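Down below is the structure, laid out as structure tokens.
What you see is a predicted model, and the numbers here were worked out from it, not measured in a lab. Both backbone and side-chain heavy atoms feed into the values below; hydrogens, waters and symmetry mates do not. In what follows, residues are counted from 1 in the order of the sequence shown.
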Amino acid sequence: MSEKLKTIKELADEFNVSKQAVRKRLTEEFRANHVETITSNGVKTLVVTYTGYMLLKQHFTTSNATGNDKVTDTSNPTTGDLSVVKILEQQLFVKDKQLENKDSQISQMQNLLDQQQRLALQDKKLLEEYKSEINELKSLKMPQEDKKENQSQEEVQTIKKQMEALNDKIKGQEQLNNQVSKKWYQFWK
């Protein structure tokens, strides 16, 4: 195998753990980013990239720090270690930016919610004021309405009489129009 790609068995031997322990660390996210499938002689083999190897090494060295002779000393960082650290620092920077963005969105949403609550309260107060004004006006109009009802009934009666007279005139005019327009050449109209 290549120097940078290691199989699960090679990793288990190097870290002095079982293959099952190595497989347990290979989550879906880890597999998507750090595991490749290589076919050799018709057999598919899972191999871990160098960055994945460094992450596994970091995990198993911290968990197996007591009495492990096969794990190398991590006090001297190699270029691979530095590249993994750089990648992790970049990811942290991106995550920090995302958190800042989310914080600003949350504060904007909070401001909008406060504004909406204030407007709803103002609307409620206005409605209460309008209701009280309407009730006051109703109480003032009550005595006058009896007089107006009598006057309005008389006005309604006179208007009805006038409408009946106009309807009669209209009917008379229609009858005259029908009598005049019944000539033989206007039947198809």
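- Scanning both residues, L46 and T37, for their nearest heavy atoms gives CD2-OG1, 3.5 Å.
- Rounded to the nearest 0.5 Å, atoms CG (D13) and NZ (K6) are 10.5 Å apart.
- Just one of F60, F15, F30 meets the side chain to side chain contact (heavy atoms under 4.5 Å, CB included) condition when paired with R25; it is F60.
- Shown here for L5 and T49, the closest heavy-atom pair between the two residues is CD2-CA, 3.9 Å.
- When the shell of 6.0 Å around CD of E28 is examined, it contains 12 or fewer heavy atoms from other residues, nucleotides or ligands.
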Step-by-step side chain to side chain contact (heavy atoms under 4.5 Å, CB included) determination, I38 to T7: CA-CA 10 Å; I38 296 179; T7 64; over 6 Å; no

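- When hydrophobic residues (I, L, V, M, F, W, Y) are linked wherever their side-chain heavy atoms come within less than 4.5 Å, the members clustered with I159 are M163.
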As a quick check of understanding, evaluate side chain to side chain contact (heavy atoms under 4.5 Å, CB included) for L121 and R118, giving each step before the final call. CA-CA 5 Å; L121 186 61; R118 278 188 247 121; 5.7 Å; no

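- Atom CD of Q20 has 12 or fewer neighbouring heavy atoms from other residues, nucleotides or ligands inside a 6.0 Å radius.
- Atom CD of E14 sits about 10.0 Å away from atom CG of L56, to the nearest 0.5 Å.
- With sequence neighbours excluded, no residue forms a side-chain hydrogen bond (donor to acceptor under 3.5 Å, both in side chains) with K19.
- Looking only at side-chain heavy atoms (C-beta outward), L55 and H59 stay at 4.5 Å or farther from each other.
- Within the 4.5 Å cutoff, no side-chain heavy atoms of V48 are placed close to those of V22.
- The backbone N or O of A21 lies less than 3.5 Å from a partner atom in the side chain of S18, making a donor-acceptor pair.
- The backbone N or O of E29 sits less than 3.5 Å from a side-chain atom of N33, completing a donor-acceptor pair.
- Rounding to the nearest 0.5 Å gives a distance of 5.0 Å between CD of E100 and NZ of K97.
- The closest donor-acceptor contact from the side chain of E128 to the backbone of K125 lies at 3.5 Å or more, if one exists at all.
- In this structure, CG on N16 lies 13.0 Å from CG on L11, to the nearest 0.5 angstrom.
- Taken from CD1 in I87 to CG in L92, the straight-line distance is 12.5 Å, to the nearest 0.5 Å.
- Separation of atoms NZ (K160) and CD (E164) is listed at 8.5 Å; rounding is to 0.5 Å.
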